[in-house]
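Each chain gets a letter, A, B and so on, in the order its sequence line appears, and its residues count up from 1.
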Amino acid sequence: MRRGERQLTRALAWLGCALLLGLWAVKAAADEVTGTWTGAVEAHGNYFLERSTRVIMPEFKLELESPAGVDVDVEYLVDVISSASIAQTGSDEDDVFTEYRHQAGAHLGYELDIGEPLELTAGFIFSSEDDYTSRIYLVNAALALWDRNTTISAGGSFTDDTVLSNADPLFEDGRRVVTLNGSIEQVMGPTFLLTLGYSVSVLEGFLANPYRRALKGPLPFPEDHPRERTRHAAYGKLAWFIPPSNTAVHLTHRVYVDTWKIGALNPELRVVQELHENFLLGAHYRFYIQNSAFFYQEAYPAGFDGYVTNDPKMAEHETHLFGPRIDWRLAFFEDAGMPWLARGWAVLTFDRYLSSNVFGDGYVATVGGRLPF
Amino acid sequence: MGKVLITLALLLGAAGCTHVAPYEREYLTRPGMDNGKRDAGFHAFMAHIYEAREGAGAVGLADASGGGCGCN
């Protein structure tokens, strides 16, 4: 059994223990107040296709909520990534290879009453593929004030990754990320909701790609990125409901800068039309533009001494994402004698992803559902 | 940038003076306004794509997501 599989097995065992512990806590709390349990099951199939890569990602999630305020979420997903690559296949020509990434996570939350409701959440996510493992530890606190007119959230995460290479059995390096984030959500009126947020991530370790090569003159050399990076992002979200037409408008804008001198702007507009209380038709458009990293060059001279990259993400580029979306509540099950299914929602999305860098254009689609109970 | 922050702070402060009672928030709870939970899986998937395809990644967009370098 490979190390990644052993780690995944161990992580799943821990998640199982966390779930049992959480269920015990939920059960105990539910017994105390003789309340009812609520929750939801969720399943999605996600699909991404571009010129040289196809990703199929089924995911499953279970949420349990006790009347006493204890929440337990567990989730599992698998990325099936088919890609054309010279480096990973070891041949002289592009060949299609498929790799699998398994991810499992659990979150435990509890709402305290300190005069105002304070929701505390802790979580763990484990991800494993044959050349990469990732462990993420998360905490978050959300304080709702003034009849929940204002919600202030603060959280953080620590990521500990191990990077291997299928092309070099001796290669092993690490990557660590500390992220802090905060946000404030404010009810601006009966139809307006405003959210402002900020996030900073400090990365340290191997931040390049073990397979990618950059040319110095005619000769290929391993990609060499700085081993430290600090990333800042600030965003605002405005949600507005227009009662006469039952239309919801969501406007988001994100501003990003980092110490690799990449700056990016990222506005997004989403409109959701309630055609019926059980049927929503949506459309959205997202624009992204960035400049290049300070060490990016289209070509490096022979003998160049400095950081080198062949990563298209480091180059100046822009992307567009747009497409429709359908949300359909399965109310017809009420008449079919299955009222427990009638509260479920089915979701269908289809998006076009246009990119000006060498990754090229792609398609994104999701089909899934959520069933509260 | 400073002016923007001051403007936003004043905006939020002014909003804080307006109290919207829970029974006045019907529109804010309509399905079109609150599809966060139905969207969570999709947003996490897109965040992973952005992390693999864009220099700004998913910082500030979604919960952390594990995974490789999104290379090749």
Side-chain angles (χ1 to χ4, degrees), chain A residues 42 44 46 48 57 59 83 85 88 101 103 125-127 129 132 134 136 138 146-147 149-150 157 159 179 184 186-191 193 196-197 199 201 209 211-212 231 233 235 239 241 243 248 254 256 262 264 266 272 274 280 288 290 313-314 319 327 345 347 349 355 359 366 368 370, chain B residues 1-2 4-5 7-72:
Chain A
E42 195 173 312
H44 282 93
N46 303 305
F48 176 69
M57 190 180 90
E59 60 177 331
S83 186
S85 170
Q88 283 219 48
R101 181 178 74 88
Q103 177 175 311
I125 298 171
F126 180 80
S127 167
E129 54 195 301
Y132 205 102
S134 179
I136 305 175
L138 307 123
W146 305 303
D147 271 345
N149 273 256
T150 305
S157 66
T159 302
T179 298
I184 179 166
Q186 176 66 49
V187 175
M188 306 285 286
T191 59
L193 193 62
L196 301 174
S199 184
S201 286
N209 181 318
Y211 302 109
R212 205 177 277 132
R231 314 171 80 184
Y235 61 88
F241 192 81
R254 179 175 64 133
Y256 170 94
I262 290 178
N266 183 195
V272 183
E274 293 186 11
L280 314 181
Y288 172 87
Q290 73 166 69
K313 296 195 297 293
M314 298 296 110
T319 71
D327 290 75
W345 282 89
V347 178
T349 72
S355 174
F359 286 128
T366 298
R370 176 180 171 81
Chain B
M1 187 65 175
V4 172
L5 289 175
T7 305
L8 291 174
L10 289 174
L11 199 64
L12 274 180
C17 298
T18 307
H19 182 268
V20 181
Y23 59 83
E24 294 177 304
R25 290 181 216 154
E26 178 201 344
Y27 294 129
L28 298 180
T29 60
R30 294 288 282 264
M33 288 289 279
D34 179 30
N35 56 4
K37 286 200 167 180
R38 296 194 307 278
D39 259 356
F42 177 68
H43 281 307
F45 180 62
M46 291 309 302
H48 201 63
I49 290 173
Y50 299 145
E51 195 64 45
R53 291 293 178 261
E54 297 174 355
V59 180
L61 286 180
D63 281 347
S65 171
C69 44
C71 39
N72 312 306

List the atom of B:Ala56, the atom of A:Ala264, and the distance in Å for their closest heavy-atom pair. CB-CB, 3.9 Å
Heavy-atom contact with chain A under 4.5 Å, split by part of B:Ile49: side chain
With respect to chain A, which residue among B:Met46, B:Glu54, B:Glu26 yields the maximal number of heavy-atom pairs within a distance under 4.5 Å? B:Glu54
Has the side chain of A:Tyr288 got a donor or acceptor atom that lies under 3.5 Å from a matching backbone atom of B:Tyr50? no
Distance (rounded to the nearest 0.5 Å) between B:Phe45 CZ and A:Glu59 CD: 8.5 Å
Work out which heavy atom in A:Tyr256 is nearest to a heavy atom in B:Gly55; give both atom names and the distance. OH-O, 3.7 Å
Testing the basics here: between A:Pro190 and B:Glu24, what is the closest heavy-atom pair and its distance to 0.1 Å? CB-O, 3.5 Å
Is A:Thr366 in contact with chain B via its backbone, its side chain, both, or neither, using a 4.5 Å heavy-atom distance? side chain
Report which part of A:Ala239 has an atom under 4.5 Å of a heavy atom belonging to chain B: side chain, backbone, both, or neither. both
Taking side chain as everything from C-beta outward and backbone as N, CA, C, O, which of these in A:Tyr235 sits under 4.5 Å from a heavy atom of chain B? Side chain, backbone, both or neither. side chain
Keeping the roles fixed (side chain from A:Asn149, backbone from B:Val20), state whether a donor-acceptor pair exists under 3.5 Å. yes
Closest non-hydrogen atom pair, B:Pro31 against A:Glu274: CD-OE2, 3.5 Å
Which atom pair, heavy atoms only, marks the closest approach of B:Met33 to A:Phe241? CG-CD1, 3.6 Å
Min side-chain heavy-atom separation B:His48-A:Gln103 under 4.5 Å: no
Given the options A:Leu193, A:Asn46, A:Thr179, A:Thr349, which has more heavy-atom pairs under 4.5 Å with chain B than any of the others? A:Asn46
Shortest non-hydrogen pair, B:Val59 vs A:Arg254, comes out as O-NH1, 2.7 Å
